Every structure is written in C-alpha cells, then in structure tokens.
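We count ligands from 1, going down the list as the structure has it; atoms in each ligand are counted the same way. Just so we're clear, the structure is a prediction, and the values are computed from it rather than from any experiment.
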Amino acid sequence: MELGIAGRTAIICAGSKGLGRGCATALAREGVAIFIAARGADALEATAKSIRDDTGARVTTVQADVTTEAGRAALLAACPAPDILVTNAGGPPPGEFIQFSLDDWRRAVEANMITPIALIAATIQGMMGRGFGRVVNITSYTVKMPIGSLELSNGARAGLTGAVASLARRAAPHNVTINNMLPGPFDTDRVRSNWTRAAEVSGRSMEDVAKDSVRSIPARRLGTTEEFGATCAFLCSAHAGFITGQNILLDGGAYPGLM
Ligand code: NAP
C-alpha cells in the first residue's frame with residue numbers, strides 16, 4: 001500500500017534503538033525525511049547510517065536527552081515544523097510504590113508525560129495550520145493493564161493518555177490525529193533488562209523468566225520492532241486521518257488476560 005507520506009518530515013524521539021528505531025525505519029521506507037533523537041552518539045549515528053543505506057531517506061540525527069528542555073529545544077531547532085511527531089523516551093525503572101521517592105515520581109512524569117506534552121504543544125498548532133499532522137505517542141500496555149512492578153510507568157503513561165484525549169478531538173477537523181501506541185512485550189533491550197531485574201528479584205534464571213513471560217502471551221512470542229514500526233507508519237499515513245484519540249494495543253492478545 002502506498003502510504004501517501006513521501007516528502008513529509010518526522011521527528012522520532014528515542015529513535016536509535018528498539019521501538020523508536022522501528023518507527024524511524026518504517027517512516028524512512030515511505031520516503032519521509034526523519035529526524036531521530038537519542039542521548040548516545042554511537043548508536044544514533046550507526047542507526048542513522050543503517051537507515052540511510054537501507055532506505056535512501058534523508059536522516060538527520062540530534063544527540064539530545066528529550067526529557068530536558070535543552071534537549072527538546074535542540075530537536076525542535078533542527079525540525080521546527082514536523083508533519084509527524086513520534087514521542088518516546090526510556091521507560092521508568094521498575095520497583096514498588098512504597099520504595100519510590102517523590103523525585104522518582106517527578107522523573108517518571110517528566111520523561112513519560114511532560115516530555116510528550118511539551119513536544120505536542122510546540123508542534124500541534126503548526127500542524128493544524130498546515131492541514132496535516134500525525135502524532136503518535138509510544139506509551140505502554142500498562143495503560144490498559146497496570147503491572148505491579150511498573151507503577152511509575154502505569155501512572156505517568158495513564159496521565160499522558162488523559163492529557164491528550166480532548167486535544168485529539170479538537171485537532172481532528174484539521175486532519176491532525178493523535179494516537180497512542182501501547183506496546184506489550186517487544187523484542188528490545190528494554191524487555192531484556194526487565195527480565196534481568198525480575199530474575200534478580202525472584203532468584204530465578206533469566207531463561208526461566210523469559211520462558212514464562214513468552215508463555216503468558218497468547219501469540220507465544222515477543223513482538224518485533226518491524227511490526228511495531230509498520231503500525232506506526234500506517235497511523236502516520238494519509239489513509240489514517242479518521243483514526244484519532246485511540247489507544248492501540250500491540251500485545252499478541254495478552255489483554256484482557258484471557259487464555
Ligand atoms: P530500548 O530498546 O531500550 O530503546 C530505548 C531508546 O530510547 C534508545 O534509542 C535510547 O537511546 C533512547 N532514549 C532513552 N532515553 C532517552 C532520552 N531521555 N532522550 C532521548 N532518547 C532516549 O527501549 P524500547 O523497548 O524501544 O522502549 C521504548 C519505550 O517503550 C520505553 O518507554 C519503554 O518503557 C516502552 N515500552 C517498551 C516495551 C517493550 O516490550 N519493549 C513494552 C512497553 C513499553 P539512548 O539511551 O542513547 O538515549
């Protein structure tokens with residue numbers, strides 16, 4: 001399918017690895033000029049080169065911590081008027097409510113709620129004025145199915161979901177959509193570090209934790225970054241203007257926990 005977005009520009013936050021990289025690659029394949037941000041220069045430049053080589057697309061890197069005002073300013077200086085905005089950042093650490101300090105909560109809210117809100121606030125009016133815009137927030141299936149060990153994530157991501165719900169409707173007449181993608185377990189570094197932590201806490205081997213985790217997914221496998229990216233590209237496509245304000249689960253059938 002021709003997605004109708006060749007020549008558009010996109011910001012992809014946290015795009016050097018994992019889900020962000022999957023989205024960046026899929027958009028580049030559609031001829032979108034992409035601006036990818038991450039903190040570490042090595043992975044960022046290696047990913048940019050790989051996407052350029054694979055797709056021939058224009059790829060600009062911005063080495064930035066998107067959870068800081070300075071990082072967001074650098075990203076928006078490089079691409080002040082994106083047609084497409086994919087918000088993303090590292091997830092908060094696992095742990096339990098009573099162990100978290102208020103600063104832990106502030107960091108989680110800053111990274112996974114305020115950061116996307118700030119980027120949307122800076123770009124959405126331009127999108128509405130130009131009559132085209134696609135915002136995709138990478139959140140988590142914890143929005144629909146809170147997970148005991150991920151309370152920082154549960155809270156911050158649910159907050160973002162609520163914060164953009166009305167705006168999505170107000171932007172819709174201008175052909176600007178806002179949707180949230182809710183990944184279940186995907187095959188990235190993040191899922192492996194969660195398994196490592198679960199193994200440490202439970203005293204079980206990482207292989208056992210991984211096996212149990214995959215067994216709990218009806219599809220009996222992790223998601224791939226390619227399929228995540230393809231869904232993102234479709235949501236950003238010319239055909240997806242009637243899909244807005246949605247929370248799109250990609251979890252291999254895990255929600256609502258029926259087997
Ligand atoms: P990942 O494979 O660990 O990749 C994280 C990416 O984000 C890297 O490119 C990293 O690069 C970048 N990054 C992290 N913090 C950043 C910051 N402050 N500023 C700019 N870039 C930053 O993680 P992932 O699995 O793709 O996860 C992406 C998001 O989805 C996370 O919030 C995660 O919690 C959430 N999620 C993932 C899953 C899953 O199964 N994978 C499930 C539910 C939710 P640098 O470190 O160099 O900055």
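Taking a cutoff of 4.0 Å between a charged side-chain nitrogen and a carboxylate oxygen, Arg204 and Asp212 qualify as a salt bridge.
Using modelled atom types and a 3.5 Å distance limit, the side chains of Arg197 and Ser149 yield no donor-acceptor pair.
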Is there a side-chain hydrogen bond (donor to acceptor under 3.5 Å, both in side chains) between Thr225 and Arg21 once you walk through the steps?
CA-CA 8 Å; Thr225 56; Arg21 178 179 175 152; over 6 Å; no
Assess the residue pair Phe186 and Phe228 against the criterion (ring-ring contact (aromatic ring centres under 6.0 Å, His included)); give the C-alpha distance rounded to whole Å, side-chain angles, the decisive distance to 0.1 Å, and a yes or no.
CA-CA 9 Å; Phe186 272 76; Phe228 193 88; 5.2 Å; yes
Evaluate salt bridge (Lys or Arg N to Asp or Glu O under 4.0 Å) for Arg107 paired with Asp103, printing each intermediate quantity in order.
CA-CA 6 Å; Arg107 272 190 291 275; Asp103 280 339; 5.2 Å; no
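Residue-level contacts of ligand 1 at the 4.0 Å heavy-atom threshold are Ala14, Ser16, Lys17, Gly18, Leu19, Ala38, Arg39, Gly40, Ala64, Asp65, Val66, Thr67, Asn88, Ala89, Gly90, Gly91, Ile138, Thr139, Ser140, Arg157, Pro183, Gly184, Pro185, Phe186, Thr188, Asp189, Arg190, Val191.
Each of Asn179, Thr244, Asn175 was checked for a side-chain hydrogen bond (donor to acceptor under 3.5 Å, both in side chains) with Arg134, and the lone residue meeting it is Asn175.
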